[in-house]
Trainee: 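The structure's right below; bear with me while I get my questions together.
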Amino acid sequence: MADVAARAGVSKKTVSAVVNGVGQVSRRTDARVRAAIEELGFLPNPAARSLNSRRAGVITLALPHLGSGDLAAIASAVIAAAETAGVGVVVEPTGGDPAREGEVLRPGAGITDGVLLIPSRRTLPVVPGVPVVVIGDRMVQRTVAQVVAPAEASITVAAEVTGESGELVVVAAEEDADLVPESLGATVVPAEDASAGAAFRAVVAERTLFSSGTPNRPRADRVVTLGGGSAIGVAHALRTLGLDIPADVRLAAVGGGGEPAFADPPITTVAPDVRQLAEIAVGRLLGHLDGSDRTVRYDEVGLLVTRRASTGS
């Protein structure tokens, strides 16, 4: 792929886009890349390439969807890390369906060398038929390589960022509610999912947590959301209830993506270092593929705290 890029005078990312039929590439650039492929005898079709090589030079990123800023940020970082390593990426949305995730891991199901899997909470034990590295916020199982930003640690840091005192509420999708550490003593408000709309409805339905208090349970004045998108919904709900951020309620989100930075006010985030996460995950998968390191490893990545106006920063 690097040779093709040099011959065509483009980046490896552009070559990958032409090979995989994704992205926006001008007709002139597309023709130049295809001419270089033909001149060099580069065979992007994995079935054809297998005549000369056992590897296709492409990996799969299987993830529930690209509708959230958090997942989109990870996908972007993985594509960048893979490009640096000289491989292409095929993005495979699974819809969070365990059956579709299992299909991606079935031998011969795809055209790529291996899989980076971001699983759903409903995922059954991973039984990979192809090389796989799991990316996520919790351990799935000890028999597959994993790169993880532990959710409990992220939630704890986010709670600390909102202040050391005051009543804490954590807004989380129903399937993620059990990730909230009991040691925080937080009131968990479950939402239908991690979307902004679901978070908005969940907070409005529990308005008494913010509008009144009792001697045993003062009014909530700290909120942590699981997901940057849900934080947008929570901020809107709090304003609808007549509350000011951060004067009345301090708000922080677990997760990255671009949405929180453009909220009103901008929302503090605690997010995994996605660049580090992607580089480790891609490196582990390629190490398995080339035989340089087939150890089943469990890697934890660091957290990046971005303080913004929603916590009074």
Trainee: For residues Asp113 and Leu289, report the shortest heavy-atom separation together with the two atoms involved.
Mentor: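 It is O-CD2, 3.4 Å.
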
Trainee: Is there side-chain contact between Ile118 and Ile74, with at least one heavy-atom pair below 4.5 Å?
Mentor: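 Yes, close enough: below the 4.5 Å cut-off.
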
Trainee: Ignoring hydrogens and angles, tell me if any N or O in the side chain of Arg250 forms a donor-acceptor pair with the backbone of Thr311 under 3.5 Å.
Mentor: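 Side chain of Arg250 to backbone of Thr311, a donor-acceptor pair under 3.5 Å: no, none is there.
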
Trainee: I would like to know whether Phe210 and Val203 meet side-chain contact (heavy atoms from CB on, under 4.5 Å); could you show each step before the answer?
Mentor: CA-CA 9 Å; Phe210 304 95; Val203 169; 3.8 Å; yes

Trainee: Assess the residue pair Val148 and Met139 against the criterion (side-chain contact (heavy atoms from CB on, under 4.5 Å)); give the C-alpha distance rounded to whole Å, side-chain angles, the decisive distance to 0.1 Å, and a yes or no.
Mentor: CA-CA 7 Å; Val148 176; Met139 176 178 282; 5.6 Å; no

Trainee: What closest approach, in Å, do Ser310 and Thr268 show between heavy atoms, and which atom pair accounts for it?
Mentor: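 That closest heavy-atom pairing would be OG-N, 2.8 Å.
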
Trainee: Do Leu184 and Val224 belong to the same hydrophobic cluster, where Ile, Leu, Val, Met, Phe, Trp and Tyr are linked whenever their side-chain heavy atoms lie under 4.5 Å apart, directly or via other members?
Mentor: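 In one cluster with Leu184: Val224, yes.
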
Trainee: Please check: side-chain N/O of Arg284 versus main-chain N/O of Val133, any donor-acceptor pairing under 3.5 Å?
Mentor: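 No.
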
Trainee: Look at the side-chain heavy atoms of Ile, Leu, Val, Met, Phe, Trp and Tyr, link any pair under 4.5 Å apart, and say whether Leu286 and Val91 land in one connected group.
Mentor: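 Yes, one cluster joins them.
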
Trainee: For Ala263 versus Ile267, what's the shortest heavy-atom pair and its separation?
Mentor: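 Residues Ala263 and Ile267, closest heavy atoms: CB-CD1, 3.7 Å.
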
Trainee: State, yes or no, whether a side-chain contact exists between Asp299 and Gln276 at a heavy-atom distance under 4.5 Å.
Mentor: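 Contact flag for Asp299/Gln276 side chains = no.
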
Trainee: Please report the closest heavy-atom contact between Pro93 and Arg100, naming both atoms and the distance.
Mentor: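 In this case the closest contact between Pro93 and Arg100 is O-NH2, 2.5 Å.
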
Trainee: For residues Pro119 and Val134, determine if any side-chain heavy atom of one lies less than 4.5 Å from a side-chain heavy atom of the other.
Mentor: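 Counting from C-beta outward, Pro119 and Val134 do come under 4.5 Å.
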
Trainee: Search all heavy atoms of Glu167 against all heavy atoms of Arg219 and return the closest pair with its distance.
Mentor: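 Nearest heavy atoms, Glu167 then Arg219: CB-O, 3.9 Å.
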
Trainee: Taking it one step at a time, do Val104 and Leu117 satisfy side-chain contact (heavy atoms from CB on, under 4.5 Å)?
Mentor: CA-CA 9 Å; Val104 170; Leu117 172 66; 6.0 Å; no

Trainee: Mark yes when over 12 heavy atoms from residues, nucleotides or ligands other than Arg275 sit less than 6.0 Å from its CZ; otherwise mark no.
Mentor: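 Not more than 12 within 6.0 Å, no.
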
Trainee: Which pair of heavy atoms, one from Leu71 and one from Pro64, lies closest together, and at what distance?
Mentor: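 Shortest heavy-atom contact: CD1-CD, 4.2 Å.
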
Trainee: When you group the ILVMFWY residues by side-chain heavy-atom contacts below 4.5 Å and let the links chain together, are Leu66 and Val78 in the same group?
Mentor: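 Yes; Leu66 is reachable from Val78 via cluster members.
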
Trainee: If we only count heavy atoms from C-beta on, is the Arg7 to Val4 side-chain gap below 4.5 Å?
Mentor: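 Of all side-chain heavy-atom pairs linking Val4 with Arg7, none is under 4.5 Å.
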
